[in-house]
Amino acid sequence: MSEFKKLVFSGVQPTGNLHLGNYLGAIRKFVALQDGNDCVYCVVDMHALTAQLVHDDLRGQIRSIAAAFIASGIDPVRNIVFNQSAVPQHAELAWIFNCVARIGWMNRMTQFKDKAGKDREQASLGLYAYPSLMAADILVYRGTHVPVGDDQKQHLELARDIAMKFNLDYAEHIRKAGVGIDITVGDEPVHAYFPMVEPLIDGPAPRVMSLRDGSKKMSKSDPSDLSRINLMDDADAISKKIRKAKTDPDGLPSEIDGLKGRPEADNLVGIYAALADKSKIDVLAEFGGQQFSVFKPALVDLAVNTLSPITGEMRRLMEDTTHIDAILRDGGERARARAEVTMNEVRDIVGFLR
Ligand code: AQP
């Protein structure tokens, strides 16, 4: 038995202002993982068309996500940073995965149900097939580890199912092409072409919730800007949003159990803990018994101090986008070269003439 070479892949959609949830749930993990790992970070612009076909400034959004990656500390020389549409092999593999994935699997995807809303008949086919393209994004690099927020867990399970079915259905062809690796899945030996991707969800903030409603995740597409802290928000905006964040009338508890049934308080304590790199227990040890009128200003200071260097650097990078464009071009070339190696093997496995 052997192992696939570790490769970290993740992507972010250019669908609006990046927020604290994207930063804490994903981008900060990308930064930490670049030490000692081969990492590929992608602005998934093709996914941006699934829920909304026409965007006012898609190019600007793509650049702004890339700027957020760089401003947060991702090194585009050590890692590959690019936009998805620059590598057509993602779409090619996604088509093959559309034929591997079963309708029954897709019908279980909760994000499709949430995003399609009541009028599912009017949702795009792209939105429905989104998780298949996401599996291709990762597996076209034979990615093994995927840092994401908690909301992407189900999509990654689907990526594993697709990889497994491909490996089993094409086992004979993978063997003949001499491109597989013997791995164990559970207790089963499998001659695999695609690895079983591991989600990297754990972290201090796997699901940051809306500041207006502790039962909804913080999201770029929430119509209320007060629901999220954007990476481009200035100190005044951050202060206003945290001051206006929904809370309950009680003060902060001293024990973690005291946060049960108080989603908004839990969320603010979780955000503080993640930004300060502390546990919620430590935060409650410091603020337990205090009112939100004391806690919220402390959270504002912490959020502003953490985010303002990133915001400043993003603004600088966005003033003249030549640098960002050059990074994306270079990343695109390097990503295409790698993806083409995989696709040549996949074309052989499935039996296309080339
Ligand atoms: N609230 C969140 N808490 C923790 N992590 C989050 N992520 C998103 N929201 C939260 C993680 O951020 C990464 C990039 O997400 P995405 O842009 O690809 O799509 P998304 O998950 O659909 O994020 P949004 O912000 O809610 O965008 P819209 O509104 O466009 O759908 C992912 O790793 C995600 O888990």
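It should be emphasised that the depicted structure is a prediction, and the values quoted were computed from it without experimental measurement. For ligands, and for the atoms within them, numbers begin at 1 and follow the listed sequence. When reading the values below, keep in mind they use all heavy atoms of this one structure, side chains included, and skip hydrogens, waters and symmetry mates.
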Review point. Would Ser224 and Asp222 count as having a side-chain donor-acceptor pair, cut-off 3.5 Å?
Key: no
Point to revise | Residue Gly25 vicinity, atoms of ligand 1 by number, heavy atom under 4.0 Å | key: 4 (C), 5 (N)
Practice item. State whether the side chain of Gln34 and the backbone N or O of Asn79 hold a donor-acceptor pair below 3.5 Å, judged by distance alone. Key: no
Practice item. Considering only NZ, NE, NH1 and NH2 on the basic side and carboxylate oxygens on the acidic side, decide whether Glu345 and Arg142 come within less than 4.0 Å. Key: yes
Revision key, fill the gap. Ligand 1 atoms nearer than 4.0 angstrom to some heavy atom of Thr15 are 30 (O)
Point to revise | Those atoms of ligand 1 less than 4.0 Å from some heavy atom in Pro206 | key: 3 (N), 4 (C), 5 (N)
Practice item. Kindly identify the option in Lys220, Gln111, Arg228, His47 whose heavy atom sits closest to atom 16 (P) of ligand 1. Key: Lys220
Practice item. Just need the protein heavy atom nearest to atom 25 (O) of ligand 1, so name the residue and atom and give the distance. Key: His19 NE2, 2.7 Å
Review point. Considering only heavy atoms, does Ala205 approach ligand 1 within less than 4.0 Å through its side chain, its backbone, both, or neither?
Key: backbone
Point to revise | Protein heavy atom at shortest distance from atom 34 (C) of ligand 1 | key: Asp151 OD1, 3.4 Å
Exercise for review: Considering only non-hydrogen protein atoms, determine which one is nearest to atom 18 (O) of ligand 1 and report residue, atom name and distance to 0.1 Å.
Suggested key: Gln13 N, 3.3 Å
Review point. Should the pair Tyr128 and Phe112 be assigned to parallel (<30°), tilted (30 to 60°) or perpendicular (>60°) ring geometry?
Key: perpendicular
**Study point:** Salt-bridge criterion met for Asp161 and Arg108 (N-O under 4.0 Å)
**Key:** no
Review point. Do His19 and Asn230 get their side chains close enough for a donor-acceptor pair, meaning under 3.5 Å?
Key: no
Check your understanding: Between the main-chain N or O of Val140 and the side-chain N or O of Thr342, is there a donor-acceptor pair closer than 3.5 Å?
Key -> yes
Check your understanding: Between His90 and Tyr141, does the ring centroid distance fall short of 6.0 Å?
Key -> yes
Point to revise | Under 4.0 Å to a heavy atom of Gln152 - the qualifying atoms of ligand 1, by number | key: 21 (O), 35 (O)
**Study point:** Atom indices of ligand 1, in the order listed, that fall short of 4.0 Å to a heavy atom of Gly149
**Key:** 5 (N), 11 (C), 33 (O), 34 (C), 35 (O)
Review point. Are Asp225 and Lys241 ion-paired here, with the side-chain N under 4.0 Å from a carboxylate O?
Key: yes
Exercise for review: With atom 26 (O) of ligand 1 as the reference point, say which of Lys217, Met209, Lys115 has the nearest heavy atom.
Suggested key: Lys217
Review point. Is Ser221 touching ligand 1 with its side chain, its backbone, both, or neither, if touching means heavy atoms under 4.0 Å apart?
Key: both
Check your understanding: Evaluating non-hydrogen atoms only, which member of Val208, Asn17, Asn267 is closest to atom 3 (N) of ligand 1?
Key -> Val208
Exercise for review: Identify, for atom 7 (N) of ligand 1, the protein heavy atom at the shortest distance, and state residue, atom and that distance.
Suggested key: Asn22 ND2, 3.7 Å
Point to revise | Salt-bridge contact Arg316-Glu313 (side-chain N to carboxylate O under 4.0 Å) | key: yes
Exercise for review: Number the atoms of ligand 1 from 1 as they appear, then name those within less than 4.0 Å of a heavy atom of Ser219, with their elements.
Suggested key: 24 (P), 25 (O), 26 (O), 28 (P), 29 (O)
Exercise for review: Give the ring-plane orientation class for Phe166 versus Tyr193, where under 30° counts as parallel, over 60° as perpendicular and anything between as tilted.
Suggested key: tilted
Check your understanding: Looking at atom 6 (C) of ligand 1, what's its closest protein heavy atom, distance included?
Key -> Gly21 O, 3.5 Å
Revision key, fill the gap. So the atoms of ligand 1 within less than 4.0 Å of a heavy atom of Ala26 turn out to be 12 (O), 13 (C), 33 (O)
Exercise for review: Could you tell me which atoms of ligand 1, counted from 1 in the order shown, lie closer than 4.0 angstrom to a heavy atom of Met218?
Suggested key: 1 (N), 2 (C), 9 (N)
